[in-house]
Engineer: 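This is the structure I have questions about; it appears just below.
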Amino acid sequence: MTYPTRLTLKLLQAEHPTYTAMKSHLERIYLLTAGGWRLRDRLPEFLKQRPGEEDAIYETRLDKFSYSNVLGGALSQLASKITNGTVHLSNVPPAADIFWQSFRENNNGQGRTEIQLVEQLFAEALKYKVVYCHVDKPKSPVTPLNRAQEEALGLTPHVVLYPAVQITNWGEIEGKLTWLKVFQIIDDTSNPLAPPLKQARWTFIDGQYIARYESYVKLGSNGRIVELLDAQGKPLPPTGQPEQTIPLTSLVQHGFGALPVTRLELPDDKWSSDQAVSKAEESLRLECHRYDLLTAAYLQRTYKPIQTPDGDLPNTFVGDGDNSIPTGLQYVLELDKFEWAEPRGDIVIHIDKALERAEKQIRTILGVGGAYVQESKVESGAAKEMDFEIEDQRLKSYGHILTDALQDIYQLVAKAQGQDGSPLAVSGLDEFGNNRLDDLLDSLTKLLLIDMAQLQNSLTPTLFVLVRERLLGFLMSNLTPEQKEAIQQELRVVPVEVSVEPDEE
């Protein structure tokens with residue numbers, strides 16, 4: 001693909017139809033999972049002004065903002081559980097063994113480990129359904145002549161993740177990516193003597209090049225670009241063209257011979273946040289309404305106007321017609337008696353129950369352990385075991401998707417290292433150790449109660465070995481295949497005392 005030296009803002013901001021359709025939904029997911037000040041700044045998108053509600057009352061209600069980030073917390077909890085699994089890398093060429101050991105401990109040049117990469121991939125996919133992984137190399141001031149010089153300069157591949165909200169346009173053929181465009185807004189604080197500036201960056205990645213267009217910009221209240229600026233933050237003068245253009249600031253030929261980007265996409269039925277986001281919005285509104293009610297001094301005040309006899313009938317005084325009393329409330333009712341109507345609290349109880357139900361439903365949709373037991377009010381050991389079994393099966397289904405994505409990433413890394421044709425294979429993420437310490441101790445106690453000698457007497461030699469390995473295999477869920485094989489080799493040579501029944505006299 002040929003990239004011109006300048007492109008118009010309109011062309012750079014062109015979006016894929018799928019992205020345009022999903023953009024607002026992805027932004028809502030981002031706000032509800034991020035929470036905090038990001039959500040507060042855009043709270044009117046979630047708490048609408050009621051019909052007839054005065055502006056001052058609406059602003060007061062917004063100021064009472066209260067939100068427990070149930071969705072974000074549940075997603076983080078589920079993503080962290082994937083780290084209990086183990087990733088296995090096999091078919092590594094002996095000459096590349098040292099490289100892969102180092103790379104798996106630092107895959108982004110900043111110390112991110114392999115399991116941290118898996119957790120980040122999982123978290124982004126859970127939120128936005130799609131996450132893009134770019135295998136890149138750092139820029140070098142000099143051109144290395146060989147692999148040794150490349151390693152000496154620290155030009156090892158690293159993995160960059162792009163969430164779905166940053167990939168605004170792409171091309172594909174039969175479901176396979178051919179190019180993509182990354183859009184980012186960056187705070188430029190490089191000059192300590194100047195105020196920070198917003199910099200817009202558009203990065204095109206295709207099968208040959210990585211091209212970047214950049215410009216300082218002014219953003220509107222909705223986050224959209226409203227004006228182009230120079231390096232001093234001043235508006236750019238007109239260029240004499242119908243539209244202002246943005247320069248090409250970098251063009252690199254990556255040398256992969258293919259698109260150095262892979263895409264991890266969850267099936268619709270596994271995109272949990274899409275199902276749970278509406279319940280998160282319900283939880284937000286319920287919590288805000290609850291706090292609003294609890295902080296109200298009273299709901300309404302009623303009064304009966306006091307009538308005094310007119311002592312001067314010929315000169316009856318006629319007022320201005322405004323007989324209301326300044327109560328500070330929006331609505332005051334006139335009844336036959338004066339009283340304060342305090343809230344009884346019945347509605348707060350109902351809101352509490354609805355809020356609790358919404359939070360449980362979020363955790364149930366995500367499949368976070370404990371949700372099913374809480375929902376069913378069953379606390380038996382069997383119910384808990386079934387509950388965590390459901391979570392384990394869900395994690396395993398995600399594990400297959402993650403290992404496939406990680407294998408695609410590692411094959412790109414191997415290509416970047418000149419290990420073309422290397423049959424790297426990634427497996428694992430199929431055991432997550434949901435059994436906690438007390439479960440492990442319970443399993444060990446039950447295992448020690450088994451009379452291995454009697455078991456050996458009752459089974460054939462081959463069957464006994466298989467059964468013993470199967471029993472002990474439950475204690476080796478998170479070991480690598482090499483560790484499991486070593487333990488099994490040790491088990492094969494461990495003698496078992498055979499009990500011999502004494503002869504009857």
Engineer: I'd like to know if the side chain of Gln101 pairs up with that of Asp97 as donor and acceptor (distance under 3.5 Å, no hydrogens or angles considered).
Structural biologist: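 Distance-only check passes for Gln101 and Asp97.
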Engineer: Measuring only between side-chain heavy atoms, which start at C-beta, is Ile246 closer than 4.5 Å to Leu7?
Structural biologist: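 The answer is no, as the side chains (C-beta and beyond) never meet within the 4.5 Å cut-off.
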Engineer: When you compare the side chain of Ser278 with that of Arg28, does any pair of heavy atoms fall below 4.5 Å?
Structural biologist: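 A side-chain contact under 4.5 Å is absent here.
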Engineer: Write down the atom of Ile115, the atom of Gly85, and the distance for their closest heavy-atom approach.
Structural biologist: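 In this case the closest contact between Ile115 and Gly85 is CD1-O, 3.8 Å.
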Engineer: Is there side-chain contact between Leu264 and Leu406, with at least one heavy-atom pair below 4.5 Å?
Structural biologist: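 A side-chain contact is absent here, since even the closest heavy-atom pair is not under 4.5 Å.
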Engineer: Answer yes if the side chains of Gln199 and Ser215 hold a donor-acceptor pair under 3.5 Å, and no otherwise.
Structural biologist: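 No donor-acceptor contact under 3.5 Å links the two side chains.
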Engineer: Which distance, rounded to the nearest 0.5 Å, do you find between the CG of Leu31 and the CZ of Arg42?
Structural biologist: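 The CG atom of Leu31 sits 4.5 Å away from the CZ atom of Arg42.
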Engineer: Would you say Phe122 and Leu402 make side-chain contact, with heavy atoms under 4.5 Å?
Structural biologist: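 Result yes, sub-4.5 Å side-chain heavy-atom pair found.
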Engineer: Verify whether one side chain among Tyr398 and Ser272 offers a donor that lies under 3.5 Å from an acceptor in the other.
Structural biologist: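 Side chains of Tyr398 and Ser272: pair found under 3.5 Å.
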Engineer: Just verifying a value: how many Å separate Leu429 CG and Asp404 CG, rounded to the nearest 0.5 Å?
Structural biologist: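 Separation between the atoms: 10.5 Å.
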Engineer: Could you give me the CA-CA distance, side-chain angles and deciding distance for Glu15 and Thr168, then say whether side chain to side chain donor-acceptor pair (under 3.5 Å) is met?
Structural biologist: CA-CA 5 Å; Glu15 298 175 348; Thr168 60; over 6 Å; no
Engineer: Can you name the nearest heavy-atom pair linking Val261 to Leu412, along with the distance?
Structural biologist: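 Heavy atoms only, the tightest pair is N-CD1, 3.9 Å.
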Engineer: Starting at OG1 of Thr262, measure out to CG of Leu177 and round the result to the nearest 0.5 Å.
Structural biologist: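 Rounded to the nearest 0.5 Å, the OG1-CG separation comes out at 9.0 Å.
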Engineer: For the side chain of Glu119 and the backbone of Ile82, is there at least one donor-acceptor N/O pair under 3.5 Å apart?
Structural biologist: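 Not confirmed, Glu119 side chain does not pair with Ile82 backbone.
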Engineer: Could you tell me whether a side-chain N or O of Ser80 sits under 3.5 Å from a main-chain N or O of Gln77, the two making a donor and an acceptor?
Structural biologist: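 Side chain of Ser80 to backbone of Gln77, a donor-acceptor pair under 3.5 Å: yes, one is there.
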Engineer: So which heavy atom on Leu75 is nearest to which on Lys127, and how close?
Structural biologist: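 Leu75 and Lys127 have their closest heavy atoms at CD1-CG, 3.7 Å.
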Engineer: Checking the side chain of Gln49 only, and the main-chain atoms of Glu53 only, is there a donor and an acceptor separated by less than 3.5 Å?
Structural biologist: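 Answer holds: yes.
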Engineer: Under the side-chain contact (heavy atoms from CB on, under 4.5 Å) criterion, do Lys353 and Ile349 qualify, and how do the steps go?
Structural biologist: CA-CA 6 Å; Lys353 292 180 179 179; Ile349 296 174; 4.0 Å; yes
Engineer: Walk me through it: do Lys396 and Asp430 pass the test salt bridge (Lys or Arg N to Asp or Glu O under 4.0 Å)?
Structural biologist: CA-CA 5 Å; Lys396 285 181 180 180; Asp430 51 3; over 6 Å; no
Engineer: Taking the six-membered ring for Trp, are His16 and Trp170 parallel (under 30°), tilted (30 to 60°) or perpendicular (over 60°)?
Structural biologist: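 Rings of His16 and Trp170: parallel, as their planes differ by under 30°.
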Engineer: Say whether, by atom type as modelled, one donor and one acceptor occur between the side chain of Tyr291 and the main chain of Tyr67 under 3.5 angstrom.
Structural biologist: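 The answer is no, because no donor-acceptor pair under 3.5 Å joins these two groups.
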Engineer: Going by heavy atoms in the side chains, are Val87 and Val118 under 4.5 Å from each other?
Structural biologist: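 SC-SC contact between Val87 and Val118 confirmed.
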Engineer: What verdict does the salt bridge (Lys or Arg N to Asp or Glu O under 4.0 Å) test give for Lys129 and Asp268, after you've listed the backbone C-alpha separation in whole Å, the side-chain angles of each residue and the deciding distance to 0.1 Å?
Structural biologist: CA-CA 8 Å; Lys129 186 182 181 181; Asp268 289 337; 2.4 Å; yes
Engineer: For a 4.5 angstrom cut-off between non-hydrogen side-chain atoms, does Tyr213 reach Leu12?
Structural biologist: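 In contact.
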Engineer: Begin from the C-alpha positions of Leu219 and Arg224 and carry the test side-chain contact (heavy atoms from CB on, under 4.5 Å) through to its verdict.
Structural biologist: CA-CA 5 Å; Leu219 302 179; Arg224 305 292 186 264; over 6 Å; no
Engineer: Using the side-chain contact (heavy atoms from CB on, under 4.5 Å) rule, take Val159 and His134 through it: C-alpha gap first, then chi angles, then the decisive distance, then the call.
Structural biologist: CA-CA 6 Å; Val159 180; His134 177 203; over 6 Å; no
Engineer: Are Phe204 and Tyr209 an aromatic pair by the rule of ring centers under 6.0 Å?
Structural biologist: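 For Phe204 and Tyr209, the ring centres are not under 6.0 Å apart.
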Engineer: If you measure from CZ on Arg357 to OG1 on Thr364, what distance do you get to the nearest 0.5 Å?
Structural biologist: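 Reported value, rounded in 0.5 Å steps: 12.0 Å.
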Engineer: Tell me, do Asp206 and Tyr3 make a side-chain contact under 4.5 Å, heavy atoms counted?
Structural biologist: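 Yes, their side chains come closer than 4.5 Å.
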Engineer: Are the side chain of Arg40 and the backbone of Gly35 linked by a donor-acceptor contact shorter than 3.5 Å?
Structural biologist: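 No: the side chain of Arg40 does not pair with the backbone of Gly35.
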Engineer: Distance alone, cut at 3.5 Å: any donor-acceptor contact between the side chains of Thr178 and Glu172?
Structural biologist: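 Thr178 vs Glu172: no donor-acceptor pair found between side chains.
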Engineer: Could you tell me whether Leu448 atom CG has more than 12 heavy atoms of other residues or ligands within 6.0 Å of it?
Structural biologist: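 Counting other residues, nucleotides and ligands, CG of Leu448 exceeds 12 neighbours.
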Engineer: With side-chain contact (heavy atoms from CB on, under 4.5 Å) as the test, would you mind laying out the steps for Asn107 and Thr113 before giving the verdict?
Structural biologist: CA-CA 6 Å; Asn107 55 64; Thr113 63; 5.5 Å; no
Engineer: Between atom CZ of Arg212 and atom CG of Leu248, what is the distance when rounded to the nearest 0.5 Å?
Structural biologist: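 If I round to the nearest 0.5 Å, the distance is 10.5 Å.
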Engineer: Is it true that a side-chain atom of Asn69 and a backbone atom of Thr33 form a donor plus acceptor pair closer than 3.5 Å?
Structural biologist: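 Side chain of Asn69 to backbone of Thr33: a pair is present.
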Engineer: Mark yes or no for whether Ser273, through its side chain, and Leu126, through its backbone, hold a donor-acceptor pair below 3.5 Å.
Structural biologist: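 Such a contact is found between Ser273 side chain and Leu126 backbone.
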Engineer: Using atom types as modelled and distance alone, determine if a side-chain donor or acceptor of Asp292 lies under 3.5 Å from a backbone N or O of Arg61.
Structural biologist: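 Here the side-chain-to-backbone pair does not exist.
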Engineer: Out of the candidates Glu282, Glu356, Lys279, Gln275, only one should pair with Gln361 under the side-chain hydrogen bond (donor to acceptor under 3.5 Å, both in side chains) rule; please name it.
Structural biologist: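 One option only clears the test, and that one is Lys279.
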Engineer: Looking at Trp202 versus Phe183, is the centre-to-centre ring distance below 6.0 Å?
Structural biologist: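 For Trp202 and Phe183, the ring centres are under 6.0 Å apart.
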Engineer: Under 3.5 Å, side chain of Arg285 to main-chain N/O of Phe46, donor-acceptor pair present?
Structural biologist: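 Checking the backbone N and O of Phe46 against the side chain of Arg285, a donor-acceptor pair under 3.5 Å is found.
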Engineer: Decide salt bridge (Lys or Arg N to Asp or Glu O under 4.0 Å) for Asp188 and Lys198; before the verdict, give the C-alpha distance in whole Å, the side-chain angles of both, and the deciding distance to 0.1 Å.
Structural biologist: CA-CA 6 Å; Asp188 186 355; Lys198 297 289 185 182; over 6 Å; no
Engineer: Just wondering, are more than 12 heavy atoms of other shown residues or ligands nearer than 6.0 Å to CG in Leu449?
Structural biologist: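 Enclosed: over 12 neighbouring heavy atoms sit under 6.0 Å from CG of Leu449.
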Engineer: With side chains defined as the heavy atoms from C-beta onward, is the minimum distance between Asn108 and Val160 less than 4.5 Å?
Structural biologist: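 With C-beta onward as the side chain, the pair stays apart.
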Engineer: Using modelled atom types only, decide if a donor and an acceptor are shared between the side chain of Gln13 and the backbone of Lys10 within a distance under 3.5 Å.
Structural biologist: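 No, Gln13 side chain to Lys10 backbone: no donor-acceptor pair under 3.5 Å.
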Engineer: Minimum heavy-atom separation for Arg263 and Tyr132, please, with both atom names.
Structural biologist: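 The pair with the smallest heavy-atom distance is CD-CE2, 3.5 Å.
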Engineer: How are the rings of Tyr410 and Trp100 set to each other: parallel, tilted or perpendicular (split at 30° and 60°)?
Structural biologist: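 Ring orientation, 0 to 90° scale: tilted.
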Engineer: Specify the closest pair of heavy atoms between Glu359 and Ser283, including all atoms of both residues, with the distance to one decimal.
Structural biologist: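 Between these two residues, the closest heavy atoms are CG-OG, 4.1 Å.
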Engineer: In Å, rounded to the nearest 0.5 Å, how long is the span from OG of Ser66 to CG of Leu286?
Structural biologist: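 Reported to 0.5 Å precision, the distance equals 11.5 Å.
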Engineer: Between Ala280 and Leu32, what is the shortest heavy-atom contact and its length?
Structural biologist: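 Scanning both residues, the minimum pair turns out to be CB-CD1, 4.2 Å.
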